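Working notes, structure below.
All values reported here derive from a predicted model rather than from experimental measurement.
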Amino acid sequence: MTEASYLEGLNDPQKQAVLHIDGPLMVLAGAGSGKTRVITHRIVHLIHEGVAPHNILAVTFTNKSAQEMRERVEKQTRENFPSERAVMDSLPLVTTFHSLGVRLLREFHDTLGLRRHFTIYDRSDSQKVVKAAIEKCGYNPKEFEPRKILSMISRAKGDAVTPLEYKDAANSYPEQVTTEVWEKYEETLKAEHALDFDDLLAKTLLLLREYKHVRETLQQRFKYIHVDEYQDTNRVQFSIVELLTGEAHNICVVGDIDQNIYSWRGADIKNVLQFEKHFPRATTILLEENYRSTQTIIAASNDIIEKNQNRVKKTVFTNNHQGEKLSLYAGMTGYDEAEYVALAAKSLIEDGAEPSSIAILYRTNFQSRSLEEAFLNFEVPYQLLGTKFFERKEVKDVLSYLRLALNPGSNADLTRIINSPARGIGKVTMLKVIEGNRADLNKGALAKVMVFDAITEDIGKVAVEKPLSDTIKFIMQRSGIEAKLKDEGTEESLERIENLRELVTLASRFNETDPSEAVEQLLETAALQSDQDELKEKEEQNAVRLMTIHAAKGLEFSYVFITGLEEGLFPHERLDDGKTDNEEERRLFYVALTRAEKKIFLTYAHMRTIFGQQKVNLPSSFLNDISKKHVEMVEPGGGGGESSGYETTVYLD
């Protein structure tokens, strides 16, 4: 076998990365530049050079990407070493960080005093134990929300902070409470021989850091290490990789600092920026040729990302054809925008595009609701990636309050919301209420049920008197749902509030209708749309994909629509503090642009109804960063051109 058989088709920087064997290597790979190909071919080259396959480790983030890489490695290995049985019997380990953690913790369970088959807690398991720990410490779970405390513990574990270090650094009262709760939480985990999701990495780091024999064993085993999506690593993941490499530093990391979009989840951009500081003999290779997108798309994405200061400078280019300009559509309202997107997608399909080759991207989940409605109205097949709007827990809870207030006999709704948010009403009490045996309740339980009764009675009165949007606002407040979500203060809870605000916006469309009839129309809309969505989900048909930009990372489509390009929405302004991380938001826009192969459609609305009120919007400042020569305005009918009032709608340089 010659080298040419697996080096064929690689460009010079790709070939340089594949042929690099010893010492640290950082490959900064632009979008669509073939980074996975580099890793798989580099692994084949290492085997060709005499490295035993079982001495090679490749780590990435998602099961999907690990599976794809594993299949590529196995295919390349079979093709390049067809007669070498020893190679096929000893394949490299390609896995995710968390799967690697489980593997190592099971292997060395005795060292940490764990059972080999330890239990892994999911998020809900952890939350229940944290709640119990809060109570054991003498605190009120209503005052110190278990979800919020767990989030603080989780972030600390991701930052490689031990409970003792956290305790020493705790300044605020909530941090001191978290310290106490964390201690009790760990006691329960240990007693039940359990680890939570964060422990799979935190305990792996402890294993490597504190036990020399384990560290040396693994350094001898994994002599060549690869890390994909390196820009997404947090502190604990970096530390694990650093300890595994040992003094040899035979590590290859591949990533793109311009696609670092998970800082809110703990991803540390410094892991890329300071790679050469941690590994002094490092070689850095730039993969700047894009094989996915047109020249116009690449030029527009470069216009966006070069404005960021906190990055390693690179200029992505492509030898693909020039391609079409980006289409920019300005709707008068959010509904106009949604209708344009649905009709434009329909037109693409009629012209021969596969529905599944079209992606509709948005910054936050609540935007999907009006888009879904438009796709249903115009009978365009679609599939929503993520939870459907009317299937989201917070939306279903509010609608259950509305249904129960007007139909007290609805036990399904009663069961769903009597303890949501938590009111201390147990299952036994709930069963007695359902069975109509309130006389059997003790005084304390009856008092809690009466509080709940008062809530539903108040909602029932408002629902038949006030406009529907006001009723939804009232339910959010009177039920305690809004206050609970605000108190949690997590990224997820803030997005849930945005979803409820979108429900208010939808309800405002029925404000001119008699209140009782308006309620019926809203509930009917929710029920019918959910049924149709469920049908589409089951069919798994060839359909347009609707998803957040975060969910689109790593995917590619022929046609991409990027919607909601308005100040405050994208770039996104956080609900809790009103702040915007412009650099991360710009990286997110860059990710969205570089998902497209052939054509991009940009859309925004001059006015959008948010939380039941119409708001006049400024176009996203990101639009000003794209050179005017790459964009054309389009009209609802699909016409376009630079003479269509483009200059007066949004100002592009």
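- In terms of modelled atom types and a separation under 3.5 Å, the side chain of H226 and the main chain of A58 share no donor-acceptor contact.
- One distance of note links CG of L164 with CD of E183; it measures 10.0 Å at 0.5 Å rounding.
- Here Y590 pairs with nothing under the ring-ring contact (aromatic ring centres under 6.0 Å, His included) rule; sequence neighbours left out.
- Rounding to the nearest 0.5 Å places CG of L200 at 6.0 Å from NE2 of H98.
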Intermediate values then yes/no, salt bridge (charged side-chain N to carboxylate O under 4.0 Å, His left out), R70 and E74
CA-CA 6 Å; R70 192 179 300 117; E74 290 179 5; 5.5 Å; no
For E107 and R221, run salt bridge (charged side-chain N to carboxylate O under 4.0 Å, His left out): C-alpha distance rounded to whole Å, both residues' side-chain angles, the deciding distance at 0.1 Å, then the answer.
CA-CA 13 Å; E107 181 177 350; R221 180 185 304 169; 2.6 Å; yes
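- Outside the 6.0 Å centre-distance limit, the rings of H54 and F222 are not counted as a close aromatic pair.
- From L361, atom CG reaches atom CG of L385 across 10.5 Å, with rounding to the nearest 0.5 Å.
- The backbone N or O of V316 sits nowhere less than 3.5 Å from a side-chain atom of N290 that would complete a donor-acceptor pair.
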Could you walk me through whether L201 and I240 pass the side-chain contact (heavy atoms from CB on, under 4.5 Å) test, one step at a time?
CA-CA 8 Å; L201 298 181; I240 288 170; 4.2 Å; yes
May I have the step-by-step check of side chain to side chain donor-acceptor pair (under 3.5 Å) for E242 and H249, ending in yes or no?
CA-CA 8 Å; E242 185 179 40; H249 286 177; over 6 Å; no
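- R595 and L555 get closest at one heavy-atom pair: NH1-O, 2.9 Å.
- Q220 places no side-chain N or O within donor-acceptor distance of the main-chain N or O of E216, the cut-off being under 3.5 Å.
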Walk me through it: do H45 and I21 pass the test side-chain contact (heavy atoms from CB on, under 4.5 Å)?
CA-CA 9 Å; H45 180 64; I21 296 180; 3.8 Å; yes
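- The residues E276 and R281 are annotated as not salt-bridged, no charged nitrogen and carboxylate oxygen being separated by less than 4.0 angstrom.
- For the residue pair R496 and N365, no side-chain donor N or O sits within less than 3.5 Å of a side-chain acceptor on the partner.
- No donor-acceptor pair closer than 3.5 Å links the side chain of S151 to the backbone N or O of R147.
- Applying the ring-ring contact (aromatic ring centres under 6.0 Å, His included) criterion to F275, with sequence neighbours excluded, gives Y230, F279.
- The salt bridge (Lys or Arg N to Asp or Glu O under 4.0 Å) contacts involving residues 22-48 comprise K35-D228, K35-E229, where partners must be two or more places apart or lie in separate chains.
- Looking only at distances, no side-chain donor or acceptor of D159 sits under 3.5 Å from a matching main-chain atom of V161.
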Apply the test salt bridge (charged side-chain N to carboxylate O under 4.0 Å, His left out) to residues R586 and E583: give CA-CA distance (whole Å), side-chain angles for both, the deciding distance (0.1 Å), then the verdict.
CA-CA 5 Å; R586 193 175 283 110; E583 291 236 339; 5.2 Å; no
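- A salt bridge does not link K190 with E187: none of the charged nitrogens is closer than 4.0 Å to a carboxylate oxygen.
- Residue Y185 holds its OH atom at 13.5 Å from SG of C137, rounded to the nearest 0.5 Å.
- Summarising the local packing, CZ of R103 is surrounded by 12 or fewer heavy atoms from other residues, nucleotides or ligands at distances under 6.0 Å.
- The number of heavy atoms from other shown groups lying within 6.0 Å of CD (E180) is above 12.
- Judged by distance alone, with hydrogens and angles left aside, the side-chain atoms of Q231 form a donor-acceptor pair with the main-chain N or O of D256 at under 3.5 Å.
- Of the N and O atoms on the side chains of K393 and S420, at least one donor lies less than 3.5 Å from an acceptor on the other residue.
- Here the side chains of K157 and Y166 are not in contact, with every heavy-atom distance at 4.5 Å or above.
- Listed for the D196 side chain is a donor-acceptor partner under 3.5 Å among the backbone atoms of D199.
- Judged purely by atom type and a 3.5 angstrom limit, R215 uses its side chain to pair as donor or acceptor with the backbone of L208.
- Of the possible donor and acceptor atoms, none in the side chain of Q219 sits under 3.5 Å from a partner among the backbone N and O of E247.
- With 3.5 Å as the limit, one finds no donor-acceptor pair spanning the side chains of E68 and T36.
- Other residues, nucleotides and ligands contribute more than 12 heavy atoms inside 6.0 Å of the NZ atom of K484.
- Judged by distance alone, the side chain of S33 and the main-chain N or O of G30 form a donor-acceptor pair under 3.5 Å.
- Other residues, nucleotides and ligands place more than 12 heavy atoms under 6.0 Å from the NZ atom of K314.
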